[in-house]
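This one's a predicted model, so the numbers in the text were calculated from it and none came from an experiment.
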Amino acid sequence: MDFRLKLLAGTLAFAASAASYAADPIKIGVAGPYTGGSSSMGVSMRDGVRLAIEEINKNGGVLGRQLVAVERDDEAKNERGVQIAQELINKEQVTATVGYINTGVALASQRFYQDAKIPVFNNVATGSVITHQFKAPEYPDNYVFRNAAHDSIQAPMIVEEAITRRGFKKVAILADSTNYGQLGREDLEKALDAKGIKPVAVEKFNIKDVDMTAQLLKAKAAGAEAVLTYGIGPELAQIANGMTKLGWKVPIIGSWTLSMANYIDNSGTNGEGARMPQTFIQDPDTPKRKAFIDAYLAKFKPKNNRIDSPVSAAQGYDSIFLLAAAIKQANSTDGAKVREALENLQAPVEGVVMTYNKPFTHDNHDAITAKEVVIGEVKGGRVIKAN
């Protein structure tokens with residue numbers, strides 16, 4: 001009798017343990033800059049991720065388990081990103097990580113996910129090299145994915161807007177000194193070269209620079225009819241403000257970051273008219289987008305009912321639904337199986353940027369193509385569709 005009781009107790013304990021294990025949450029790392037000059041992108045991305053996780057959990061989670069975000073502020077610093085990657089992998093044992101706003105942080109950090117065979121999802125960083133850092137034959141499988149418009153898409157669109165649509169023959173490039181700015185500058189120069197045009201001036205500036213007079217004077221002296229930019233909001237605002245101080249106003253056309261709140265707010269009327277590629281504009285033009293915008297505004301209550309970085313919020317939101325679809329299809333949280341599922345998603349995933357139909361393959365880990373990107377324009381303190 002004692003033996004049977006012990007056996008029953010052991011069986012019940014094992015069952016309870018198994019039930020508890022089955023109910024363990026699925027941890028998702030969320031890494032981005034939540035403080036500093038890149039924070040409007042980082043916070044918007046994080047809040048989009050939070051919204052997606054909340055929606056998924058309300059509908060039963062994934063594989064009967066709740067998703068849990070493990071959030072870390074990388075402060076837009078490469079070394080901090082590296083520390084966070086190791087912590088999320090080794091201590092938190094995340095199933096995957098989403099985020100990365102800054103190209104340099106992504107390139108420094110994602111090696112650890114590659115080595116650990118854990119998917120990492122770039123939902124904002126746009127450096128063209130990001131998804132090609134681990135290429136065959138040295139790396140048979142690549143664990144780096146992205147659902148943002150990379151710079152090889154954006155740069156030709158910027159040049160098309162400036163040269164073909166607007167008819168400018170003389171353009172200057174102003175790019176920041178980070179990996180993001182300099183890789184973007186290279187892509188701009190390639191796109192210009194394809195049209196037989198060389199920039200009349202190519203100038204560099206640093207993060208936290210507050211005076212662009214020297215760079216702008218060189219562009220003006222060279223006869224630039226437009227300024228093409230690669231940087232982030234605070235410094236881009238200094239370009240617009242610097243033009244006004246010089247009494248020299250030519251169009252600013254640049255990468256998607258001209259849509260950042262700290263560009264729009266810090267430049268005020270000086271920043272009006274700037275144009276940039278966008279995957280998502282805060283416009284409720286479909287039911288899915290309206291539901292997302294309404295939910296975001298109700299939950300996070302951003303100033304002036306304007307999402308600080310709509311692109312970051314939308315792509316953050318979509319990245320979680322793509323990842324959830326892969327975990328569900330794989331019926332597993334094993335990194336290799338989730339990667340394989342991402343590379344061959346069977347069911348469409350409805351996002352707010354687009355509906356993703358087989359967005360990845362084994363050799364292509366970029367979900368966004370040029371046809372999903374539109375040109376936005378700063379008007380009345382927010383971004384609208386140009387033209």
Salt bridge between [X] and [Y], side-chain N to carboxylate O under 4.0 Å?
{"X": "Asp265", "Y": "Arg306", "result": "yes"}
{"X": "Lys208", "Y": "Glu235", "result": "no"}
{"X": "Asp294", "Y": "Lys290", "result": "yes"}
{"X": "Glu377", "Y": "Lys379", "result": "no"}
{"X": "Asp141", "Y": "Lys117", "result": "no"}
{"X": "Glu54", "Y": "Lys299", "result": "yes"}
{"X": "Glu161", "Y": "Arg166", "result": "yes"}
{"X": "Glu92", "Y": "Arg72", "result": "yes"}

Please tell me whether [X] and [Y] have a donor and an acceptor in their side chains that are separated by less than 3.5 angstrom.
{"X": "Tyr317", "Y": "Glu55", "result": "yes"}
{"X": "Glu372", "Y": "Thr369", "result": "yes"}
{"X": "Asn206", "Y": "Ser177", "result": "yes"}
{"X": "Asp363", "Y": "Thr361", "result": "no"}
{"X": "Arg185", "Y": "Gln182", "result": "yes"}
{"X": "Asp366", "Y": "Thr131", "result": "yes"}
{"X": "His150", "Y": "Asp187", "result": "no"}
{"X": "Tyr113", "Y": "Thr97", "result": "yes"}
{"X": "Asn364", "Y": "Glu343", "result": "no"}
{"X": "Thr126", "Y": "Asp151", "result": "yes"}
{"X": "Asn344", "Y": "Gln346", "result": "yes"}
{"X": "Ser40", "Y": "Asp308", "result": "no"}
{"X": "Asn102", "Y": "Ser38", "result": "yes"}
{"X": "Tyr230", "Y": "Thr257", "result": "no"}
{"X": "Thr178", "Y": "Asp176", "result": "yes"}
{"X": "Lys190", "Y": "Ser152", "result": "no"}
{"X": "Asn241", "Y": "Asn270", "result": "yes"}

Is it possible for you to say whether Ile158 and Val124 belong to one hydrophobic cluster, with membership spreading through side-chain heavy-atom contacts below 4.5 Å?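 Yes; Val124 is reachable from Ile158 via cluster members.
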Are Leu107 and Ile232 connected in the hydrophobic side-chain network, where two residues link if heavy atoms are under 4.5 Å apart?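 Different clusters.
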Mind telling me whether Phe145 and His365 have parallel, tilted or perpendicular rings, with 30° and 60° as the class edges?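 His365 vs Phe145 ring planes: parallel.
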